[in-house]
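Everything on this sheet refers to the single structure shown next.
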Amino acid sequence: MDKLRVMSVFGTRPEAIKMAPLVKELAGREEIESLCCVTAQHREMLDSVLNVFQIQPDWDLNIMTPRQTLSTITSRCLTGMDEAIESLRPDLILVHGDTTTTFSGALSAFYHKVPVGHVEAGLRTYDKYSPYPEEMNRKLVTAIADLYFCPTENNRQNLLKEGVDQGIFVTGNTVIDALKTTVDKEYRFTTDLLNRLPYGEKKILLVTCHRRENYGKPMEQIMTALRRVAEDHPEAELVYPVHLSPAVQEAAKTYLGNHPRIHLIAPLAADEMHNLMARCYMVLTDSGGLQEEAPALGKPVLVLRRETERPEAVAAGTVALAGVEEETIYAMASRLLRDREAYEAMARAVNPYGDGFACRRIADAVLWHFGRGEKPEDFHS
């Protein structure tokens with residue numbers, strides 16, 4: 001029997017972190033030929049993840065252009081995917097999450113009548129402009145996909161409410177699988193700054209802020225609050241790996257530059273980010289992935305957004321919505337710095353996102369779908 005040709009498509013750093021362990025798991029299955037197509041929507045940040053996980057793409061669209069727009073990303077993905085699909089002839093295309101690469105990859109698969117598996121399916125805010133464009137991307141992929149790999153039962157329920165009742169599997173999140181391979185107590189960073197940070201003496205706050213819907217006034221409010229936190233809490237040091245977006249770079253330098261306890265650094269490789277997270281005191285972020293990763297490492301998370309498509313961690317108590325208003329962010333961060341009981345309540349909450357075996361469940365589900373194995377048991381938090 002011929003091997004199943006399963007092509008994983010991704011193009012950004014967060015996608016790569018979450019898909020890398022799945023690419024490896026698929027490659028380890030005798031019944032599967034694991035193929036990898038990258039769009040390079042984020043060139044530099046994508047390559048760092050590929051290096052960490054030692055993945056060599058079978059196809060590289062290399063679409064990134066200066067100041068690219070959503071339209072240019074989509075169009076370049078679609079035209080590039082034509083050649084990739086025709087050449088590699090996959091039996092199944094896997095896309096991840098909610099990026100423009102995700103939507104374009106799924107749409108291209110549909111055009112070529114190739115089945116689609118959606119990894120990290122069923123996340124919703126029910127506000128099509130927040131996160132933008134991610135909420136609409138994932139809803140459009142839901143309409144195209146044939147297999148749905150949901151991190152949690154809540155994600156499955158979202159799909160059921162929308163009329164999707166076939167091909168759903170609750171797997172846990174693949175990012176927890178990735179953490180098992182990257183976090184190391186003896187880890188040494190590649191920069192002196194990160195090795196010399198006073199982890200035991202100061203409270204290290206890990207910051208990320210890059211979402212499009214936060215551009216402009218929301219980002220100004222967020223960064224003003226962060227600077228106030230640094231100024232009013234001498235026990236705290238902020239580390240901010242700044243996204244390569246020119247808009248984010250400019251805002252970070254304007255509002256957070258030239259402070260002795262705020263460190264604006266280049267984006268980190270996946271293993272460096274994970275190990276910095278493991279050593280920090282708490283995380284303030286508008287990222288999606290960090291809301292899943294940090295709880296697995298026992299770190300409280302303040303989400304710098306008005307809503308989250310990951311309500312499970314909020315319900316569990318390990319994540320809190322801080323919004324984008326200066327006073328609220330400042331007050332919530334200050335409380336966690338001063339109130340040990342409040343901090344411990346978040347740090348000790350149970351992570352609802354996985355047990356480190358999501359990739360195994362997804363690979364099993366793929367084989368079952370094609371009649372080559374047993375149906376996997378769902379993940380239960």
Using a 6.0 Å distance limit plus a 45 degree cone around the ring axis, check whether K180 lies over the aromatic ring of F357.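 Verdict for F357: a cation-pi partner in K180.
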Backbone of [Y] reached by a side-chain donor or acceptor of [X] within 3.5 Å:
X    : Y    : result
N275 : R188 : no
R261 : A230 : yes
S8   : C36  : no
D339 : R335 : no
Y353 : R310 : yes
E272 : A269 : no
E33  : V6   : no
T181 : A178 : yes
R196 : T191 : no
N214 : L304 : yes

Hey, is [atom1] on [X] packed in by over 12 heavy atoms from elsewhere, all under 6.0 Å?
X   : atom1 : answer
R67 : CZ    : no
E83 : CD    : no
K3  : NZ    : yes
R5  : CZ    : yes
E44 : CD    : no

How long is the gap from [atom1] on [X] to [atom2] on [Y], to the nearest 0.5 Å?
X   : Y   : atom1 : atom2 : result
M81 : L78 : CE    : CG    : 8.5 Å
I85 : I93 : CD1   : CD1   : 3.5 Å
I17 : T12 : CD1   : OG1   : 8.5 Å

Within residues 368-381 or reaching into it, pairs that qualify as side-chain hydrogen bond (donor to acceptor under 3.5 Å, both in side chains) - sequence neighbours excluded:
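Those involving residues 368-381 are R156-D378.
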- Item | Qualifying side-chain hydrogen bond (donor to acceptor under 3.5 Å, both in side chains) pairs, either residue in residues 163-174, two or more places apart |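 Every side-chain hydrogen bond (donor to acceptor under 3.5 Å, both in side chains) pair that includes a residue of residues 163-174, provided the two are not neighbours, is E120-N173, N173-E292.
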Charged N to carboxylate O under 4.0 angstrom, [X] versus [Y]?
X    : Y    : value
R338 : E235 : no
D98  : R124 : no
R360 : D364 : no

| task | If the plane angle is over 60° it's perpendicular, under 30° parallel, otherwise tilted; pick one for F189 and Y187. | result |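 Rings of F189 and Y187: perpendicular, over 60°.
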Should [X] and [Y] count as side-chain neighbours, where that means a heavy-atom distance under 4.5 Å?
X    : Y    : value
R212 : D286 : no
P267 : R13  : no
D127 : E307 : yes
Y255 : E220 : yes
L61  : R76  : no
Y281 : L337 : yes
L179 : H274 : yes
E237 : E201 : no

[X] versus [Y], closest heavy-atom pair with distance:
X    : Y    : result
A294 : V301 : CB-CG2, 3.3 Å
E135 : S130 : CB-O, 4.2 Å
A121 : P151 : O-CD, 3.6 Å
S334 : H233 : OG-NE2, 3.0 Å

Output side-chain donor-acceptor pairs under 3.5 Å for residues 105-118, partner residues at least two apart or in another chain, one line each.
unit_1	atom_1	unit_2	atom_2	d
H112	NE2	D82	OD1	2.9
H118	NE2	G97	O	2.8

### Identified side chain to side chain donor-acceptor pair (under 3.5 Å) partner of T99 from the options R138, E134, E15, H42
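The residue from R138, E134, E15, H42 that satisfies side chain to side chain donor-acceptor pair (under 3.5 Å) with T99 turns out to be E15.
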| query | For T39 and I63, what are the C-alpha separation, side-chain angles and deciding distance, and is it a side chain to side chain contact (heavy atoms under 4.5 Å, CB included)? | reply | CA-CA 6 Å; T39 67; I63 68 163; 4.3 Å; yes
Side-chain donor-acceptor contact under 3.5 Å, S287 with H210: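 There is no such pair between these side chains.
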Report task. List the steps, then state whether side-chain hydrogen bond (donor to acceptor under 3.5 Å, both in side chains) holds for T308 with Q291. Result -> CA-CA 9 Å; T308 178; Q291 296 176 50; 2.6 Å; yes
